[in-house]
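Written out below as structure tokens is the structure these notes cover.
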Amino acid sequence: MSTSWLATNLVATFLLPPGNGLGLLLLAFLFRQRRPQLAMSLGLTGGLLLLVLSLPVVGRALVQRLEAPPVVPEQVLEKAKGAGAIVVLGGGRYREALEYGGDTVGNETLVRLRYAGQLQRQTGLPLLVTGGTPDGGEVSEAEAMARVLRDEFKVPVRWVEGESDNTRENALKTAALLKEAGVSRVLLVSHAWHLPRAALAFSRAGLEVVPMPTLFQRGVPTALDYLPQADGLR
């Protein structure tokens with residue numbers, strides 16, 4: 001297991017919901033006797049934070065502010081001009097999947113692969129998949145991605161980068177592979193909220209990046225979106 005991956009996710013646990021609200025509630029509990037007024041304020045803040053962030057309408061509004069601009073199907077060929085590859089970032093594995101006989105891709109990764117397969121059929125560009133084994137396991141995320149693309153989507157994969165543990169390493173190791181092949185401009189596939197940060201990492205690695213985002217938070221809110229739900233926290 002990667003130490004850097006573990007440290008990053010531990011920090012994220014306390015910065016993102018529900019960890020941020022639960023952290024304030026824990027502090028309120030610890031200060032309940034020595035600083036009762038402070039404990040009351042922390043408790044109310046933590047509870048309110050959990051309530052507000054559990055509303056799907058709030059979560060979607062926050063995520064929308066992070067999203068890269070969409071690319072509609074009619075724009076794909078224009079965007080692909082000059083590009084030499086499609087790069088797909090891993091989004092997590094489904095470990096020890098009994099029905100598949102071992103590790104395979106998780107739901108988030110599957111969404112990206114579906115879109116990458118469509119782009120490959122539209123453009124004919126070769127595919128590169130990237131993702132290692134930061135949480136352990138024998139099959140890298142990239143290898144699991146390649147298997148799904150080849151066996152289930154019937155899409156060829158040219159490069160498999162299975163040594164990276166985070167987005168920065170994805171960028172550096174991918175850039176090294178593609179520069180050997182003479183590729184400097186890529187279509188980069190990831191979730192819409194993740195792409196701005198990922199595109200910056202790949203640009204810093206020396207690649208010209210065309211963001212190709214997928215899974216946008218859109219749609220008209222329903223009455224249920226204004227009620228607390230686990231989906232809102234997610």
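In what follows, residues are counted from 1 in the order of the sequence shown.
- For the pair T104 and A97, the tightest heavy-atom approach, listed with the atom from each and the gap, is CG2-CB, 3.9 Å.
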Start with the C-alpha distance between E141 and T133, add both sets of side-chain angles, then the distance that settles side chain to side chain contact (heavy atoms under 4.5 Å, CB included), and finish with yes or no.
CA-CA 6 Å; E141 194 171 21; T133 55; over 6 Å; no
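- Considering only heavy atoms from C-beta on, L26 stays 4.5 Å or farther from F31 through its side chain.
- Remark: side-chain polar atoms of D103 are not paired, donor with acceptor, to backbone N or O of R95 under 3.5 angstrom.
- Contact between V157 and A146 at its shortest, heavy atoms only, is CG2-CA, 4.1 Å.
- Between H191 and L195 the shortest side-chain heavy-atom distance does not fall below 4.5 Å.
- A donor-acceptor pair under 3.5 Å is formed between the side chain of E161 and the backbone N or O of E163.
- Looking only at side-chain heavy atoms (C-beta outward), L49 and N20 come within less than 4.5 Å of each other.
- In this structure, T109 contributes its side chain and V105 its backbone to no donor-acceptor pair below 3.5 Å.
- Atom CG of residue L172 and atom CZ of residue R168 lie 5.0 Å apart, to the nearest 0.5 angstrom.
- D225 places a side-chain N or O within donor-acceptor distance of the main-chain N or O of T222, the cut-off being under 3.5 Å.
- Cluster annotation: M40 and L24 are assigned to distinct hydrophobic clusters (Ile/Leu/Val/Met/Phe/Trp/Tyr, side-chain heavy-atom contacts under 4.5 Å, transitive).
- With values rounded to the nearest 0.5 angstrom, R185 atom CZ is found 14.0 Å from L178 atom CG.
- For A85 against W159, the heavy-atom pair with the smallest separation is CB-CZ3, 3.8 Å.
- Atom CD of E96 is surrounded by 12 or fewer heavy atoms from other residues, nucleotides or ligands within 6.0 Å.
- Interatomic distance, CG of L27 versus OG of S41, reported as 12.5 Å (0.5 Å rounding).
- Between V129 and L149 there is a side-chain heavy-atom pair separated by less than 4.5 Å.
- Between the side chain of S164 and the main chain of N166, no donor-acceptor pair closer than 3.5 Å is present.
- Here M212 contributes atom CE and T123 contributes atom OG1; the two are 8.0 Å apart, rounded to the nearest 0.5 Å.
- Looking only at distances, a side-chain donor or acceptor of S54 sits under 3.5 Å from a matching main-chain atom of L51.
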Are T174 and V186 close enough, and set up right, to give a side chain to side chain contact (heavy atoms under 4.5 Å, CB included), and what steps lead you there?
CA-CA 10 Å; T174 292; V186 300; over 6 Å; no
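- With E67 contributing its side chain and Q217 its backbone, the two residues share a donor-acceptor pair below 3.5 Å.
- Checking Y115 against Q120 by side-chain atom types alone, no donor-acceptor pair falls below 3.5 Å.
- In this structure, E78 contributes its side chain and K81 its backbone to no donor-acceptor pair below 3.5 Å.
- For the pair L25 and G47, the tightest heavy-atom approach, listed with the atom from each and the gap, is CD2-N, 3.9 Å.
- Around atom CZ of R34, no more than 12 heavy atoms belonging to other residues, nucleotides or ligands sit under 6.0 Å away.
- Tracing side-chain contacts under 4.5 Å through hydrophobic residues (I, L, V, M, F, W, Y), one never reaches L62 starting from L16; they form parts of separate clusters.
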Does the pair L187 and V87 meet the rule for a side chain to side chain contact (heavy atoms under 4.5 Å, CB included), with working shown?
CA-CA 6 Å; L187 306 185; V87 176; over 6 Å; no
Derivation and outcome, side chain to side chain contact (heavy atoms under 4.5 Å, CB included), residues L125 and L119:
CA-CA 8 Å; L125 291 172; L119 291 176; over 6 Å; no
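- R114 is not listed as a side-chain neighbour of V111, based on a closest heavy-atom distance of 4.5 Å or more.
- With values rounded to the nearest 0.5 angstrom, F216 atom CZ is found 13.5 Å from W193 atom CH2.
- Within 6.0 Å of the CG atom in N107, the count of heavy atoms belonging to other residues, nucleotides or ligands does not exceed 12.
- A donor-acceptor pair is defined here as one N or O able to donate and one able to accept, closer than 3.5 Å; no such pair exists between the side chain of R60 and the backbone of R218.
- A distance-only check finds a donor-acceptor pair linking the side chain of R112 to the backbone of L89 [under 3.5 Å].
- No more than 12 heavy atoms of other residues, nucleotides or ligands lie within 6.0 Å of CZ in R204, so this atom counts as exposed by the packing criterion.
- For the pair L42 and A28, the tightest heavy-atom approach, listed with the atom from each and the gap, is CB-CB, 3.9 Å.
- The closest side-chain heavy-atom distance from V76 to V71 is below 4.5 Å.
- Under the side-chain hydrogen bond (donor to acceptor under 3.5 Å, both in side chains) criterion, R197 pairs with H194, not counting sequence neighbours.
- Nearest heavy-atom pair across L50 and L233 is O-CD2, 4.1 Å.
- Note on V189 and L127: same hydrophobic cluster, where clusters join Ile, Leu, Val, Met, Phe, Trp and Tyr whose side-chain heavy atoms are under 4.5 Å apart, directly or indirectly.
- The same ILVMFWY cluster, assembled from side-chain heavy atoms under 4.5 Å apart, contains both I86 and L113.
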Could you go step by step and tell me if E143 and R147 meet the salt bridge (charged side-chain N to carboxylate O under 4.0 Å, His left out) rule?
CA-CA 6 Å; E143 182 56 40; R147 290 178 184 177; 3.5 Å; yes
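- Within the 4.5 Å cutoff, the side chain of V88 has no heavy atoms near those of the T130 side chain.
- Surrounding CZ of R35 are at most 12 heavy atoms belonging to other residues, nucleotides or ligands under 6.0 Å away.
- Using a 4.5 Å cut-off on side-chain heavy atoms (C-beta onward), L227 and L55 make no contact.
- A continuous path of ILVMFWY side-chain contacts below 4.5 Å connects L38 to L48, so both sit in one hydrophobic cluster.
- Residues that satisfy the side chain to side chain contact (heavy atoms under 4.5 Å, CB included) test with P134, not counting sequence neighbours, are S2, W5, D165.
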